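Report on one structure; see the data block that follows.
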Amino acid sequence: LPTTEALGILPIPLDIRATSGMAEFNPNLDQKHCHHYLAGMQGTRKAILPVHTPAEHDLFHTLMKSDPAFTSRSAGPNWKLCIKVWNKHADSRKDIYYKLVEQLKTYYLEWMTNLNVKQSLSLSSGLRHPVNLAIRDPARSTLAPPVPVRPLTSPAVTKGFNLPEPRVDAAQLPQDESTPPSMSYSASDIAPPPQTPGFPSQSAITAQVVQNPRNVGLAKSVARKRVAAEMERSRPQKKQRQARTCRKCKQPQCPGRQSVRNCRNPCQDCRKVNCRGRNPHKPDKKCDVAWD
């Protein structure tokens with residue numbers, strides 16, 4: 001998609017562009033190239049991208065086999081020449097893009113790793129071939145234990161919410177799917193019927209319930225009540241705080257509830273009016289020992 005993003009796109013310096021064999025971007029001639037916006041931001045005739053297209057993979061493989069700059073066995077590829085050779089191909093081919101030396105080196109490491117894997121598989125093919133034949137031998141299946149054959153049976157639901165025909169007066173049922181909170185149903189109204197010969201099965205009763213809109217509304221109402229009751233049981237109960245009392249006289253209506261200096265009553269322990277009362281950090285001990 002067309003974009004005007006410039007964050008992270010750096011222009012290529014003139015010396016790197018010259019040593020890499022890259023042509024300068026010309027807005028009058030290079031606007032029809034693929035990724036021309038990126039090329040314009042980089043200042044090169046074609047965009048600089050990592051090795052990623054199938055044509056670039058094939059070109060790298062061909063250069064590693066035939067080009068002298070890539071096939072030096074003593075010191076490895078001559079990257080200064082390799083980058084010029086690559087960018088020369090990029091100038092003449094549509095599906096080949098400019099590269100930097102770092103991008104060719106990165107792909108070269110990946111290519112060498114894949115080459116080593118292929119060489120290892122080729123050298124060990126003689127040892128792996130009999131092992132593969134033994135593993136894929138069809139005769140091994142004859143030694144496998146037989147699988148017990150079980151007849152196919154339809155799934156039968158033995159537990160769950162199976163609602164029978166409700167024994168409720170039709171005049172008490174609401175017109176919509178909701179049910180007033182005042183309505184209640186006994187366990188016999190929602191319990192599944194016993195399996196008695198001559199009576200319809202559980203699945204037949206369930207299908208009959210689904211087909212009747214009133215039964216569907218009743219079932220939804222009972223389900224909502226069950227969920228609400230379960231949520232109410234799981235909700236943590238808040239503990240009520242005890243009424244605040246004076247630490248000196250222990251009277252709930254004493255002004256000393258806020259500060260013991262406001263208390264004018266005698267102490268609950270020593271019966272002295274000028275006592276400071278019990279230690280709030282040791283409320284179980286009396287005033288004569290709590291402050292020691």
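This one's a predicted model, so the numbers in the text were calculated from it and none came from an experiment.
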Would the distance check show the side chain of [X] and the main-chain N or O of [Y] forming a donor-acceptor pair, the cut-off being under 3.5 Å?
X	Y	value
S234	M231	yes
D67	T62	no
R244	R257	yes
S259	N262	no
D269	C287	yes
R271	C267	yes
D137	L133	no
K248	N265	yes
N87	S20	yes
S92	H89	yes

### Message
Could you go through R140 and I135, starting from their C-alpha distance and side-chain angles, then the distance that decides it, and tell me whether this counts as side-chain contact (heavy atoms from CB on, under 4.5 Å)?
### Response
CA-CA 8 Å; R140 296 183 62 207; I135 293 176; 4.2 Å; yes
### Query
Would the F25 and H36 ring centres measure less than 6.0 Å apart?
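Judged by ring-centre distance (under 6.0 Å), F25 and H36 do not meet the cut-off.
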State, to 0.1 Å, how close [X] and [Y] come at their nearest heavy-atom pair, and which atoms those are.
X	Y	value
I48	I12	CD1-CG1, 3.4 Å
V273	R264	CG1-O, 3.9 Å
L14	R17	CD1-NH2, 2.9 Å
V51	L104	CG2-CD2, 4.4 Å
A90	Y98	CB-CD2, 3.7 Å
C82	F70	CB-CZ, 3.5 Å

### Query
Has K46 got its NZ or CZ under 6.0 Å from the middle of the six-membered ring of Y97, at an angle within 45 degrees of the ring axis?
yes
### Task
Kindly indicate, with the supporting measurements, whether the criterion side-chain contact (heavy atoms from CB on, under 4.5 Å) is fulfilled by Y107 and K99.
CA-CA 11 Å; Y107 186 74; K99 299 289 180 285; over 6 Å; no
### Query
Per the side-chain contact (heavy atoms from CB on, under 4.5 Å) rule, which among T106, N114, T113 passes with E110?
N114
### Message
With side-chain contact (heavy atoms from CB on, under 4.5 Å) as the criterion, how do H129 and N132 come out once you've worked through the C-alpha distance, each side chain's angles and the decisive distance to 0.1 Å?
### Response
CA-CA 5 Å; H129 183 66; N132 291 334; 5.6 Å; no
### Task
Take L115 and M64, measure what side-chain contact (heavy atoms from CB on, under 4.5 Å) needs, and give me the verdict at the end.
CA-CA 12 Å; L115 181 62; M64 287 297 298; over 6 Å; no
### Query
Should I9 and L100 be counted in the same cluster of Ile, Leu, Val, Met, Phe, Trp and Tyr side chains packed under 4.5 Å apart?
no
### Query
To the nearest 0.5 Å, what is the distance between CD (E56) and OG1 (T53)?
3.5 Å
### Spatial distance of atom CD1 (I96) from atom CG (L49) [nearest 0.5 Å]
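Interatomic distance, I96 CD1 to L49 CG, rounded to 0.5 Å: 11.5 Å.
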### Test: E102 and K105 ion pair at under 4.0 Å
no
